[in-house]
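Keep in mind that the numbers below use all heavy atoms, side chains included, and drop hydrogens, waters and symmetry copies.
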Amino acid sequence: MARPMKRALGETPAAWAFVLPATLLILGLSLLPMVWSLLLSFTDSDLVTSGRWVGMDNYERLLDDPAFRQSIRNTLIFTALYVPGSAGLGLLIAMALNRPRTKLIGIYRTCVIVPFVVSPAATGVLFAFICDARFGVANRILSAFGIPRQGFLEDPNTALYTLTGIGLWGGTGFCVIIFLAALQDIPPSLVEAARIDGAGRWNIFRHVTLPSVRPVTTFVVIWQSLVAMQLFDLVYATTRGGPLGSTAVVVYFIYNQAFKVFDAGYGAAAAYVLAVVLLALGGVRYLLTRARRRFA
Amino acid sequence: MKIGIGSATACAAVLAGALLSGCSGDDGGVSADGTVRIVFWHGQTQIAQKALDGLVAEFNRTHPKIKVVSQSGGSTADQLLPKVTAALVSGSYPDISYIYGSDLASIARNRKVADLTSAVQAPGVDWNDFWPAARAAATVDGRVRAIPALTDNLAVIYNKKLFAEQKVAPPKPGWSWDDFRATAKALTDPSKGTYGTAWPIADGEDVTWRLWPLVWQQGGDIVTPDRRRSRFAGPEGVRGLTVWRDMSVADKSVYLDQDSAGARMGQLFNNGKMGMFVAGPWALADIGPAKIDYAVAPLPGFNGDNTTIGGPDNWVVMDKGSERRKAATEFLLWLTRPAQDLRWDLATGQLPLRASASRHPSYAAYQARWKLDVWIDNLPKMRTRPTLRAYPKLSQAVQEAIAAVLLGKMEPGPALDRAAKAADSALATEE
């Protein structure tokens with residue numbers, strides 16, 4: 001009896017005892033819900049009753065649902081603005097902060113990181129006050145400069161862009177941390193050598209700094225894309241998808257279907273569409289890393 | 001927008017949490033000495049929570065065989081729904097939960113939600129003492145599936161000082177929507193930043209239910225009598241929404257509240273910047289401390305009909321075995337008896353659930369102090385929304401239509417037609 005048992009458990013049966021709790025946690029907390037929600041997406045369940053099997057119906061409904069299309073468009077616009085914005089701003093700020101001899105540099109660095117530490121819900125509430133179209137500080141400042149009042153989050157034409165701005169305020173700090181770490185890894189001798197060879201500021205940036213932070217940039221871009229596509233909390237705290245659906249992003253669409261109009265199966269299908277896109281993004285990152293290793 | 005897998009998994013996390021807590025199981029709730037322990041999710045905060053905890057403590061003292069464990073449910077009432085649905089999936093649901101009136105029909109499809117029809121017919125309960133609209137809102141397909149937890153209705157709270165300043169005559173009994181429009185216009189003064197009135201347009205049923213009285217007052221309805229198709233996009237709905245479109249787009253007398261919880265219009269009123277606030281007595285909790293000199297008028301009407309809407313919410317019992325179901329039902333029927341109802345109303349400012357409580361001598365002084373007469377008069381005759389499973393979808397479609405019209409992006413007719421199409425396809429799935 002003992003022998004086949006041992007064969008099944010491998011050379012070090014005790015190892016299984018160590019791995020088991022973590023394995024169960026991972027299976028129970030991520031794999032199980034994933035499988036369960038996949039099954040859910042093939043039913044018309046409302047979470048209250050078990051629902052009927054409807055096959056691909058939910059996915060077909062998604063294809064010609066204008067609300068879903070609008071949420072995808074909003075998410076893409078947000079991502080297209082947020083990712084380059086936060087990465088570019090992040091690099092600029094990181095370069096400005098990468099001067100250890102500046103006075104009070106610790107305070108500047110802290111100031112830049114703080115918005116990133118604030119919870120998105122608090123950020124949302126804060127900016128809802130600032131951007132209030134009638135009583136907010138933002139419009140008072142604008143009118144002091146003679147610029148007409150803006151609707152900000154209350155105007156369907158500007159809401160998504162205002163939201164992107166708020167997102168950048170909260171999300172750039174992360175890019176700064178990563179870029180700052182990367183910048184500090186650049187050997188000073190490289191910069192010095194470039195300077196001796198007669199390179200100006202721009203050429204040092206172009207030929208020393210940028211190539212050094214390229215791997216990190218790939219990571220930042222993909223990471224921020226994942227974050228942008230999963231935007232939810234900020235929308236929930238400020239506009240709840242309005243006005244007129246102009247800030248309804250994909251995750252908000254999913255939340256709405258599953259938990260507000262009792263269409264959990266449909267929401268799960270939308271969640272799976274998003275998951276596939278995110279997985280593909282993760283795959284791109286994996287391929288890029290592998291390619292780099294091969295050519296390095 | 002944080003490090004970590006973030007928010008796309010938010011929904012999955014709720015579900016995963018539900019699965020996880022499902023594994024923990026529950027303790028049966030009946031101890032060796034026969035005491036039944038029941039869990040009560042009330043979703044109340046602050047004053048209401050304190051008042052409720054006092055009542056629960058008294059119940060536990062006077063009913064030694066039952067122990068009610070009172071919990072907020074980890075959330076306020078308006079966000080309890082996702083928790084309850086997740087809890088129902090996992091099996092770790094409470095014995096009693098607060099449920100919004102508009103969500104009852106959907107929740108009641110679950111067989112764990114107890115049928116209380118025979119319980120409320122028991123002697124001593126006096127079911128007909130509850131207001132008709134509250135009884136209707138607790139009834140799904142002819143079966144009583146909940147006990148009323150709250151009744152309120154819409155009336156017009158107005159700022160007397162602002163009326164005097166703008167030299168506007170206060171509302172007269174039996175006033176019409178045309179009077180309302182003219183009054184709102186006269187109160188609006190961009191130079192002072194004052195508005196005539198407001199409508200929330202951001203999110204939820206609070207956007208939608210304000211339209212229904214205008215439909216009913218003209219003889220229209222939300223759905224057809226057989227509940228198979230929507231009716232709100234008929235001429236009554238269009239005329240009702242047109243009044244508000246004209247006020248919002250042409251007169252600019254309506255503050256469109258885009259706050260996610262619709263809280264800014266209340267602040268506007270409390271700052272003396274809004275003349276007429278269409279609301280229930282819940283608004284008084286903030287108006288009192290703001291020291292606004294207010295009076296209350298009935299909702300305006302069409303053709304002399306001033307019907308208003310009540311938005312009753314409910315307590316539902318979820319079955320965890322017959323002992324616990326019985327105990328939970330007993331607790332709720334105790335909690336809503338006239339004596340307890342009265343104490344609850346006096347502590348929280350909510351309207352009586354029962355006609356007898358509203359007639360109690362000790363209520364009269366309270367009613368006069370807070371000027372509750374209009375709302376109390378509305379209670380026996382107010383109407384309420386149908387308990388339909390498709391209602392949340394219908395409500396959302398109408399909400400989008402109202403927002404589009406009040407923002408001046410669509411005409412009332414086409415906007416309501418589009419909403420009706422969405423509502424009809426939701427109603428078609430109703431069994």
Considering only heavy atoms, which portion of [X] lies under 4.5 Å from any heavy atom of chain A: side chain, backbone, both, or neither?
X	answer
B:L81	side chain
B:L268	side chain
B:Y391	neither
B:K409	side chain
B:R111	neither
B:Q396	side chain

> For the rings on A:Y255 and A:Y236, is their centre-to-centre separation under 6.0 Å?
Replying inline: yes
Heavy-atom contact with chain B under 4.5 Å, split by part of [X]:
X	answer
A:A268	neither
A:Y252	side chain
A:D263	side chain

> In terms of ring plane angle, is the pair A:W169 and A:F127 parallel, tilted or perpendicular, where the classes change at 30° and 60°?
Replying inline: perpendicular
>> Parallel, tilted or perpendicular: which one describes the rings of A:F253 and A:Y266, with boundaries at 30° and 60°?
In response: perpendicular
> Top residue by heavy-atom pair count (under 4.5 Å) with chain A, among B:V84, B:D103, B:V113, B:L256?
Replying inline: B:D103
> Any side-chain heavy atom of A:R285 within less than 4.5 Å of one from A:W223?
Replying inline: no
>> I'd like to know if the side chain of B:Y100 pairs up with that of B:E205 as donor and acceptor (distance under 3.5 Å, no hydrogens or angles considered).
In response: no
>> I need the minimum non-hydrogen distance between A:G90 and A:F179, along with the two atoms involved.
In response: C-CD1, 3.8 Å
>> Between B:E411 and B:R245, does any side-chain N to carboxylate O distance fall below 4.0 Å?
In response: yes
